[in-house]
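The next block holds one structure in the form of structure tokens; read it before the comments.
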Amino acid sequence: MANRPFDLELAAFTLDPNDREPSMSRIVAKYLDIELSEEELTPALLATLAGKLEEVLTKELKDKGLWTVYHDTELALVPVLARIESAGVQLDVAYLKTLSTKLHAELLTLEEEIYGLSGERFNIQSPKQLQTILFEKLGLTTGKKTKTGHSTNVQVLTELANHHPLPGKILEYRHLAKLLSTYIDTLPKQVDSKGRVHTTYNQTIASTGRLSSTDPNLQNIPIRTDIGRKIRQAFIPMEGCVFLAADYSQIELRLLAHFSKDPNLLEAFRTNEDIHTRTATLIFDKAADLVTPDERRIAKTVNFGVVYGMGPFKLATDLHISMKEAKSFIDAYFARYAEVSALMQSFETTARDEGYLTTILGRKKTFPGLSSKNRVVYEATKREAMNYPLQSSAADIIKRAMITLDEALREGRYTSRIVLQVHDELVLEVPRAETEAVTHLVVEHMQNAVQLEVPLTVSVGIGDSWMAAH
DNA sequence: CCCATCACG
DNA sequence: ACGTACGTGATGGGG
Ligand SMILES: [Mg+2]
């Protein structure tokens, strides 16, 4: 491995990813046991402490078995991220401008319709003013949700839309306003002279070890609605290139199979079955070809819910079924995937009794909330613990893939480069002539980043926009 | 500055 | 009686 300079921020994060505010003052106190304020820690003083900090944190990393993940993954990822950020990604600004004009016109129409239905003009974007219109003036009811008043969120408005035409219009308005203000009208302001946007990937924010993306966030670009997909079409490769998008299929559920060794889950992934249909056959006790689309949809929600520690309440409200039914589905899931049930319990007990959990690459995180006597805090932390090894190991895996893929691209003298990472997906800008070779390279490095009990599979698409590459 | 909301995996 | 699915970031309202 290359000789890399010490990185205090990454070292401190690897040692304690829970620390939300790792200021120099806190780090110096924590590792050198010296109490000094940020002001007292002058550059000159910090310079004198630097060597000692490196020595102490290095020893700590090695003692805790964290040196490898720190050095070979986190530190090795730094230049890879630097290249991604520096490359940026091209936007079709003219197209976004056209889209903006069209959608602003629609927004204006919606606005007038909303005022008409409300009988007055008000700030639609103010939840407070909207509450007054919906719940006082129109007397609509949900009885549900309060914090600082009645909630007007999408769940509530969707329910209210069955009783009055206004909430549906508000939902349409919100959807357009969100996409316009966050993406369509904002991204064009952030392009460089070549029409490319450059995000910043933060390596020390998400306690699971995931990356986060800011300024602009390129990890939450819309895709779930028609208009959202139009925004994805604005992400385009430079002249002479195509986009190659490669994403892991159900990586967290495969990790669930790997860690639990549940026979049903292993079998499903080893035979490359449709996992949601497989779960449906198990919880509804019927053959795969008899599973209805509705049953598959329920099974899909259960599959994803389980890795978040979802309970019957959430499942019932999301699927519009009774608590009793929801509980029966979850019970059936854990009965048929018995080793998953055992694994989830072991995550809780290990996190509580050993104090921490470990990922596939040896990343660690503690769960202080499991010492709480407050049931809500305890249960919330238990859910974090149940999700952590899966989400965090998935983050480990794509990081390894990025490091070795980047190296292979450079070693092979390719022009292709990674331009985006979205948790389980990589997007590359690929000269047309390199398409075939780089497709193989990307798949190879992603699928073989680690070896699991089940295959890691990657789906790849190529296209003239991010949307088209999916 | 916090809250509510909603965009993504 | 309470609270109820993990991890993020950006926006607009309102104090
Ligand atoms: Mg995927």
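So that the names make sense, note that chain A is the first sequence line, chain B the second, and so on, each numbered from 1.
- You'll find that the side chain of Ser126(A) is closest to dG14(C), out of dC6(B), dG14(C), dG3(C).
- In this structure, Asn387(A) atom CG and dT8(C) atom P are separated by 10 Å, rounded to whole Å.
- Atom CD1 of Ile223(A) is separated from atom P of dG9(B) by 6 Å (rounded to the nearest Å).
- The interatomic distance linking Phe304(A) (CZ) with dC8(B) (C1') rounds to 14 Å, in whole Å.
- Nucleic acid contact for Val154(A): sugar-phosphate only, since backbone atoms but no base atoms lie under 4.0 Å from a heavy atom of the residue.
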From CA spacing to verdict: side-chain contact (heavy atoms from CB on, under 4.5 Å), Thr152(A), Phe135(A): CA-CA 10 Å; Thr152(A) 66; Phe135(A) 304 114; 4.0 Å; yes
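- Here the side chain of Thr182(A) is nearest to one of dA10(C), dG15(C), dT8(C), namely dA10(C).
- Of the candidates dC8(B), dG3(C), dA7(B), the closest approach to any side-chain atom of Arg375(A) belongs to dG3(C).
- Nucleotides dG3(C) and dC3(B) place their P atoms 16 Å apart, quoted to the nearest Å.
- One finds a salt bridge joining Glu429(A) and Arg196(A) here, because a Lys/Arg side-chain nitrogen approaches an Asp/Glu carboxylate oxygen to under 4.0 Å.
- Using a 4.0 Å cut-off, some side-chain N or O of Gln129(A) falls inside it from OP1 or OP2 of dG14(C).
- Nucleic acid contact class of Ser207(A) (heavy atoms, under 4.0 Å, all strands): sugar-phosphate only.
- Counting only heavy atoms from C-beta on, Arg210(A) has its side chain closest to dG7(C) among dT8(C), dG7(C), dG3(C).
- A stem is defined here as three or more consecutive Watson-Crick or G-U pairs, each with both distances under 3.5 Å; for DNA chain C these stems are B:1-9 with C:6-14.
- Nucleotide dT8(C) holds its C1' atom 14 Å from the CG atom of Asp424(A), rounded to whole Å.
- OP1 or OP2 of dC6(B) has at least one side-chain nitrogen or oxygen of Arg174(A) nearer than 4.0 Å.
- Within a 6.0 Å radius of CD in Glu325(A), more than 12 heavy atoms belonging to other residues, nucleotides or ligands are found.
- The distance from atom CD of Glu425(A) to atom P of dC8(B) is 13 Å, rounded to the nearest whole Å.
- OP1 and OP2 of dA10(C) both lie 4.0 Å or more from every side-chain N or O belonging to Ser181(A).
- With Ser260(A) contributing its side chain and Asp262(A) its backbone, the two residues share a donor-acceptor pair below 3.5 Å.
- Nearest nucleotide to the side chain of Phe313(A), out of dA5(C), dA7(B), dC6(C): dA5(C).
- A donor-acceptor contact closer than 3.5 angstrom is absent between the side chains of Ser465(A) and Gln233(A).
- Among the heavy atoms of the strands, none lies under 4.0 Å from Asp247(A).
- Within the 4.0 angstrom heavy-atom criterion, no nucleotide atom of any strand lies near Tyr388(A).
- In this structure, Ser212(A) reaches the dG9(C) phosphate: one of its side-chain N or O atoms is under 4.0 Å from OP1 or OP2.
- Rounding to whole angstrom units, CG of residue Leu218(A) and P of dT8(C) are separated by 18 Å.
- Heavy atoms of Leu315(A) sit nowhere under 4.0 angstrom from any nucleic acid atom.
- As judged by a 4.0 angstrom heavy-atom cut-off over every strand, Leu211(A) is placed among residues making no nucleic acid contact.
- A donor and an acceptor atom never sit less than 3.5 Å apart when one is taken from the side chain of Asp215(A) and the other from the base of dA10(C).
- Between the Gln90(A) side chain and the Phe235(A) main chain, no donor and acceptor come within less than 3.5 Å of each other.
- For Leu180(A) and dA7(B), the CG to P distance is 12 Å, given to the nearest whole Å.
- Side chains of Asn153(A) and Ser151(A): a donor on one and an acceptor on the other come within 3.5 Å.
- Across all strands shown, Thr317(A) has no heavy atoms under 4.0 Å from either base or sugar-phosphate atoms.
- Asn217(A) comes within 4.0 angstrom of sugar-phosphate atoms only, judged by non-hydrogen atoms across all strands, and of no base.
- Spacing between atom CZ of Arg229(A) and atom C1' of dA7(B) amounts to 14 Å, rounded to whole angstrom units.
- dC2(C) and dC6(B) have their C1' atoms separated by 26 Å, given to the nearest Å.
- One N or O donor and one acceptor, one from the side chain of Gln391(A) and one from the base of dC6(C), sit under 3.5 Å apart.
- Closest approach of Leu405(A) and His445(A) over heavy atoms only: N-ND1, 3.7 Å.
- Phosphate proximity of dT8(C) to Arg20(A): present, with a side-chain N or O under 4.0 Å from OP1 or OP2.
- Looking at Thr200(A) and Asp215(A), their side chains never bring a donor and an acceptor atom within 3.5 Å of each other.
- Salt bridge annotation for Arg383(A)-Glu379(A): absent, with no cationic side-chain nitrogen under 4.0 angstrom from a carboxylate oxygen.
- Remark: Asn153(A) is not in phosphate contact with dC6(B), judged by side-chain N or O atoms under 4.0 Å from OP1 or OP2.
- The residue Arg383(A) sits close only to the backbone: its heavy atoms come under 4.0 Å of sugar-phosphate atoms, none of a base.
- At the phosphate of dT8(C), neither OP1 nor OP2 sits under 4.0 Å from any side-chain N or O atom of Thr208(A).
- Taking atom P on both nucleotides, dT4(C) is separated from dG9(B) by 25 Å, rounded to a whole Å.
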